[in-house]
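There's a structure below that I have some questions on.
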There are 2 protein chains.
Amino acid sequence: MTRAEENYIKTIFHLGGATSQLISTNAIAEEMETKPSSVTDMAKRLADKELVNYVKYQGVSLTVKGVKTALAIIRKHRLWEVFLVKKLDFTWDEVHEVAEQLEHIKSEKLIDQLDALLDFPKYDPHGDPIPSKTGEFKERDKQLLSELPVHAKGVCVGVKDTSSAFLRFLDKNKIALGHTITILDKEDFDDSLRIQIDGRELQISNQIATNLYVKKE
Amino acid sequence: MTRAEENYIKTIFHLGGATSQLISTNAIAEEMETKPSSVTDMAKRLADKELVNYVKYQGVSLTVKGVKTALAIIRKHRLWEVFLVKKLDFTWDEVHEVAEQLEHIKSEKLIDQLDALLDFPKYDPHGDPIPSKTGEFKERDKQLLSELPVHAKGVCVGVKDTSSAFLRFLDKNKIALGHTITILDKEDFDDSLRIQIDGRELQISNQIATNLYVKKE
DNA sequence: AAGTATTTTTAGATTTGTCTAAAATTTTAA
DNA sequence: TTAAAATTTTAGACAAATCTAAAAATACTT
Ligand SMILES: [Mn+2]
Ligand SMILES: [Mn+2]
Ligand SMILES: [Mn+2]
Ligand SMILES: [Mn+2]
């Protein structure tokens, strides 16, 4: 598989998962910052290789083979992200770009040994689950902080927005995965929240609360 | 720089080093298992980018910029090889293929941190020197085992042939870098050697002796 | 249900990197 | 110093991946 093919497969998985729902040419083009005509060309190529089901004018969905491929790439991407943070002192806003390159390295032994070196991590630095070698993959039980009622308590387990800007904002405010958050108050006017985290009190906007995943407890 | 360009630069360095000696189209094609016409095309592209001096019908040599590029790639290749052996339990005959992929990953921080993680190694698993961040690069003081006189003693510091077959042969016979070798006897007929290594006595062919580097002591 | 807007595909072009076959140049050897 | 041999370049083609512009199909709206 070429790098371009792998990137398309990953994007299709990202947009549609393992479902048979057809993903539109336009949606893929948008996500990959390319043109719909390029997507059509690739859709045909991937269909030839039996990685996607392609229905003309309707879109594509991953085949079983396509899903397996996507999970293998995602596994590599997330393991590399863990490596960069745990072993090479990268911050969680720096890892994605490099992992985008490393995920295409072809060596089964490399990824198995990396997994072992990192002690078989279950989640990547952004809280996303790492598929097992055989493609096992379960989303964590989580919800957006904004969905929690007042006085509820939850552990921070992930981020929805993975942009550098958002991640650095969280760093600056010392909000990290693993911390427990209690909702002290909700402002009806703008849906902002007063929260307690790590002994501190903090006022956060709705935009923040709709991009932080917590596990209710 | 594209991956193909990087591979050409690396090959040209491999064949001609930093000298201004012109490397022929044919030699490059042979080394890269491609066709001379493809090499000509690439020679022009690299000349446009001022990475090589290209003299029509004569060959190419690296510019200063080209040498700098080559050393950066070689640095990455060799650091990754050390990583694979030291951190991921690869054997020295398995690393090259994967390092050929990893050497093209673009991230300055990645390679600097890797260097630190490995404790700033000076040599790769095959005894080849690792260029510094600034491109400092000195060949080690070494000679072929076959060039040593009878009764001389030397420390094994590198291999000339880096094929899997040769490296596994050395493993099988417990000949590793760092071991001290004493030449007990030389057979005139076939230039085979009787050597002492690690307390053992061993008979090795001239083919082995002309592919093992030692540092005389 | 027809007409308009949107989406998707096709057709044709471009870039990178490769190839084969033929032409040009250089090297070797009589 | 020519002729033959070897090397190198050119010309033209091809595959992958992309683009633009135009045509075709689908979706929306009145
Ligand atoms: Mn990522
Ligand atoms: Mn991630
Ligand atoms: Mn190598
Ligand atoms: Mn090496």
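Naming: A, B, ... by sequence-line order, numbering from 1 per chain.
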Specify the residue among Asn26(B) and Arg3(A) whose closest nucleotide of DNA chain D lies further upstream toward the 5′ end.
->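 It is Asn26(B) whose nearest nucleotide is closer to the 5' end.
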
Starting at OH of Tyr54(A) and ending at C1' of dT8(C), how long is that distance when rounded to a whole Å?
->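 Nearest whole value for this atom pair: 7 Å.
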
Value in whole Å for how far the C1' atom of dG17(C) lies from CG of Asn7(B) |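 From Asn7(B) CG to dG17(C) C1': 12 Å.
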
Close aromatic pair by centroid cut-off 6.0 Å: His77(B) and His96(B) =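 Between His96(B) and His77(B), which both carry aromatic rings, the centre distance is below 6.0 Å.
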
Picking from dT26(D), dC19(D), dT18(C), which would you name as closest to the side chain of Tyr8(B)?
->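 Of the options given, the side chain of Tyr8(B) lies nearest dT18(C).
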
Angle class for the Phe83(B)/Trp80(B) ring planes (parallel below 30°, perpendicular above 60°, tilted otherwise)?
->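 Rings of Phe83(B) and Trp80(B): perpendicular, as their planes differ by over 60°.
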
Hey, does the Lys NZ or Arg CZ of Lys44(B) hover above the aromatic six-ring of Tyr54(B), less than 6.0 Å from the centre and inside 45° of the axis?
->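 Lys44(B) over Tyr54(B) ring: no.
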
When you measure from the side chain of Thr34(A), which nucleotide among dC19(D), dT26(D), dT9(D) comes out closest?
->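 Looking only at heavy atoms from C-beta outward on Thr34(A), the closest nucleotide is dC19(D).
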
Would you mind reading off the distance between Glu33(A) atom CD and dT18(D) atom C1', rounded to a whole angstrom?
->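 Going from Glu33(A) (CD) to dT18(D) (C1'), I get 15 Å.
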
Tell me whether the OP1 or OP2 atom of dT10(C) has a side-chain N or O from Ser37(A) closer than 4.0 Å.
->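 Negative; the distance criterion is not met.
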
Ignoring backbone atoms, establish whether Thr40(B) has a side-chain N or O less than 4.0 Å from OP1 or OP2 of dT9(D).
->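 For Thr40(B), the contact criterion (side-chain N or O under 4.0 Å from OP1 or OP2 of dT9(D)) is met.
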
When the ring centroid of Phe13(A) is compared with that of Tyr8(A), is the distance short of 6.0 Å?
->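 Ring centres of Tyr8(A) and Phe13(A) not closer than 6.0 Å.
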
Of all the nucleotides listed (dT18(D), dG17(C), dT10(C)), which has the minimum atom distance to the side chain of Glu5(B)?
->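 Within the option list, the nearest is dG17(C).
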
What is the distance, rounded to the nearest whole Å, between atom NZ of Lys56(A) and atom C1' of dA24(D)?
->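 Whole-Å distance recorded here is 9 Å.
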
In whole angstrom, what separates Leu22(B)'s CG from dT8(D)'s C1'?
->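 For the pair Leu22(B) CG and dT8(D) C1', the rounded distance is 14 Å.
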
Counting heavy atoms from C-beta on, name the nucleotide in dC19(D), dT10(D), dA16(D) closest to the side chain of Lys44(B).
->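 Among the listed nucleotides, the one closest to the side chain of Lys44(B) is dT10(D).
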
Between dT6(C) atom C1' and Lys35(A) atom NZ, what is the distance in whole Å?
->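 Rounding to the nearest Å, NZ of Lys35(A) and C1' of dT6(C) are 16 Å apart.
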
Which whole-number value in Å describes the distance from Met32(A) CE to dT18(D) P?
->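 In whole Å, dT18(D) P lies 7 Å from Met32(A) CE.
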
Which part of the nucleic acid does Thr25(B) contact within heavy-atom distance under 4.0 Å: base, sugar-phosphate only, or nothing?
->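 Sugar-phosphate, backbone atoms only, no base.
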
Working for salt bridge (charged side-chain N to carboxylate O under 4.0 Å, His left out), residues Lys10(B) and Glu100(B) | CA-CA 11 Å; Lys10(B) 209 175 41 147; Glu100(B) 287 285 305; 2.9 Å; yes

Nucleotide of dA17(D), dT26(C), dT9(C) approaching Gln58(B) most closely (side-chain heavy atoms) =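 My answer, after comparing the listed nucleotides, is dT26(C).
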
Starting at CZ of Arg45(B) and ending at P of dT10(D), how long is that distance when rounded to a whole Å?
->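 After rounding, the reported distance stands at 14 Å.
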
On a plain distance test, is the side chain of Ser24(A) in donor-acceptor contact with the base of dT7(C) below 3.5 Å?
->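 In this structure, the two groups form no donor-acceptor pair.
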
Choose from dA24(C), dT18(D), dG17(C) the nucleotide whose nearest atom is closest to any side-chain atom of Ala4(A).
->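 Closest nucleotide among those given: dT18(D).
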
